[in-house]
Every structure is written in structure tokens, then in C-alpha cells.
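These notes concern the structure reproduced below.
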Amino acid sequence: MAEVLRGRSGREVVRAGLDYFKRAPELRTAYPIDSAESYYFEMYDYDAIREKLLRPLGPGGDRRYTAGLRDSSARTVLDSPVQTAAKDAILVADGAFLQRSELDTFWDLRIYVAVSFETVLRRGAARDAAWMDSLAAAEERYRTRYIPGEQLYVDQVRPAERAQLIVNNEDPTSPTVTRR
């Protein structure tokens, strides 16, 4: 999407993955670390997302932003330099839980990428088995942590109902887009 926007608009496109704004594991203490609740309520540093990325790139912002603070495991602090975006730059952000109340007012356009939880399990476990002990361990993590956490988000926030665009990505070779 960022490449398409860049090519069609001729504007700078800032890409940010919110997986690089996770809280350090040792700071996630309100719930058991492997629980769905810890994943949903404690995983992301919403203050940092707002202060380091969204406010600087938003209306009236100084355009000086940071694209991430930690690696995707959240165990290693990144040496992310402060960058300055053009005044007309477009931010494309991806990640889980983007429409939570902590962030929702910052978005001009909400795109919800929809896949079934069965697809989440299959794709996620296949990907994460590479860094986990086994495919079975990855599947267990999805069944007990990630999917229940995502279900909390879907039930509480109802992101598909709030998004302006819904991308059905069950078949990534042929996604379909629905406008609201």
C-alpha cells in the first residue's frame, strides 16, 4: 500500500509498524505474561505511539517522528533516529488493535484487514514456528494468547464496523475491498 501511495501521489510515505512500539516484557505485570489479557491490554506502548509517531505527524505536529522503539520481540531497544517528514507526508501504519480508544482519534482513514481466526492460526503458527520450539508450540500460543486477545478487541472495539475500508485477505493473492 505504501508503494502504491508513493507512486500515485508523489508524496513521501512514512511506514510504521506498531510491533516496534511494544512495551518491554518486564513492564507487563498486571496479567500473566502469556495471557490474552496481557496481549490485549499491555502489549503496546500507546503513550509512545501517540507522542513519538502520531502527534508529530498529525495536524500541528512538528513532523519529527520515531518509527519504532524496540525490535518486534520487545526485548531489544532500537537505535531509531528521529526523522523529519515532509509537511504533506502520508503515514501508513499497521498493527494489531489500531482502533482502540488510545489511538482511534489519530486516524484519517481506518482500514480493517479481515481474516478468519482459523486463518490467523494457520498463517501465524506457520510463521512463528521458525522462532518457537515447534509448530505445535506456535499453535498453542495462538490458541491461548493471540486469538483470544484479538477476540477481546473485536468484541470490545468492533473494528470492522468502524473502518471505512475492509480488506478481506483470506486469499492474499486476491484480496477484496469493501467500502463503508
Side-chain angles (χ1 to χ4, degrees), residues 1-31 33-113 120 123-124 127-128 130-132 141 145-146 149-150 152-153 156-157 159 162-167 169 172 175 177:
M1 176 185 283
E3 290 303 316
V4 169
L5 283 171
R6 194 173 288 119
R8 290 188 179 177
S9 71
R11 293 164 54 185
E12 176 184 0
V13 176
V14 174
R15 270 286 289 111
L18 297 195
D19 276 349
Y20 299 99
F21 286 93
K22 289 179 182 170
R23 293 178 52 176
E26 61 271 13
L27 299 177
R28 301 181 221 154
T29 59
Y31 303 93
I33 193 74
D34 286 331
S35 70
E37 292 80 10
S38 177
Y39 175 53
Y40 182 61
F41 294 112
E42 299 184 299
M43 178 70 78
Y44 294 95
D45 185 342
Y46 294 108
D47 290 335
I49 294 167
R50 285 191 306 270
E51 298 309 316
K52 303 285 186 180
L53 180 68
L54 300 178
R55 281 202 174 103
L57 294 175
D62 65 7
R63 315 309 292 164
R64 295 175 47 78
Y65 71 96
T66 302
L69 302 177
R70 297 181 164 276
D71 71 350
S72 63
S73 75
R75 297 189 191 291
T76 304
V77 174
L78 297 174
D79 182 20
S80 296
V82 173
Q83 300 176 63
T84 302
K87 287 185 178 190
D88 66 345
I90 300 168
L91 170 64
V92 175
D94 67 76
F97 314 142
L98 290 173
Q99 293 185 52
R100 283 182 54 137
S101 62
E102 296 92 330
L103 304 178
D104 190 56
T105 60
F106 289 92
W107 308 123
D108 294 322
L109 176 66
R110 289 161 194 82
I111 302 171
Y112 182 68
V113 179
V120 169
R123 288 182 190 166
R127 180 194 63 226
D128 292 356
W131 63 268
M132 295 188 72
R141 187 177 193 109
R145 184 176 191 211
Y146 296 141
E150 290 171 9
L152 284 169
Y153 173 64
Q156 290 183 7
V157 175
R162 301 164 47 123
Q164 289 94 349
L165 296 174
I166 300 171
V167 177
N169 202 32
V177 177

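Taking CD1 from I166 and CD1 from I111, the interatomic distance works out to 11.0 Å, rounded to the nearest 0.5 Å. The distance from atom CH2 of W107 to atom CD of Q164, rounded to the nearest 0.5 Å, is 12.0 Å. Going from atom CD of Q83 over to atom OG1 of T66 covers 7.5 Å, rounded to the nearest 0.5 Å. To the nearest 0.5 angstrom, I33 atom CD1 is 7.0 Å from M43 atom CE. To the nearest 0.5 Å, the span separating OG on S101 from CD on Q156 amounts to 9.5 Å. Interatomic distance, I90 CD1 to R6 CZ, rounded to the nearest 0.5 Å: 9.5 Å.
The number of heavy-atom neighbours closer than 6.0 Å to CZ of R63, taken from other residues, nucleotides and ligands shown, is above 12.
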Just distance, no hydrogens or angles: give the donor-acceptor pairs under 3.5 Å from side chains in residues 75-82, sequence neighbours left out.
unit_1 : atom_1 : unit_2 : atom_2 : d
S80    : OG     : G68    : O      : 2.7

Residues 16-31, side-chain donor-acceptor partners within the protein, below 3.5 Å, at least two apart:
unit_1 : atom_1 : unit_2 : atom_2 : d
D19    : OD1    : Y44    : OH     : 2.8
K22    : NZ     : S72    : O      : 2.7
R23    : NH2    : L27    : O      : 2.7
R28    : NE     : R23    : O      : 3.0
R28    : NH2    : R23    : O      : 2.5

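Side-chain atoms of R50 never come within 3.5 Å of backbone atoms of F106 as a donor-acceptor pair (strictly under, hydrogens ignored). A donor-acceptor distance shorter than 3.5 angstrom exists from the side chain of R100 to the backbone of Y40, with no hydrogens or angles considered. In this structure a side-chain-to-backbone donor-acceptor pair under 3.5 Å is missing from E102 to Y46.
The aromatic rings of Y146 and Y39 sit perpendicular, their planes meeting at an angle over 60°, well past the 30° parallel limit.
Side-chain contact, D128 with W131: a donor N or O sits under 3.5 Å from an acceptor N or O.
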Are Y153 and Q99 close enough, and set up right, to give a side chain to side chain contact (heavy atoms under 4.5 Å, CB included), and what steps lead you there? CA-CA 9 Å; Y153 173 64; Q99 293 185 52; 3.3 Å; yes
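A salt bridge does not link D45 with K52: none of the charged nitrogens is closer than 4.0 Å to a carboxylate oxygen.
Residues satisfying the side chain to side chain contact (heavy atoms under 4.5 Å, CB included) test with D108, not counting sequence neighbours, are none.
In this structure the side chain of V167 never reaches within 4.5 angstrom of the side chain of M1, judged on heavy atoms.
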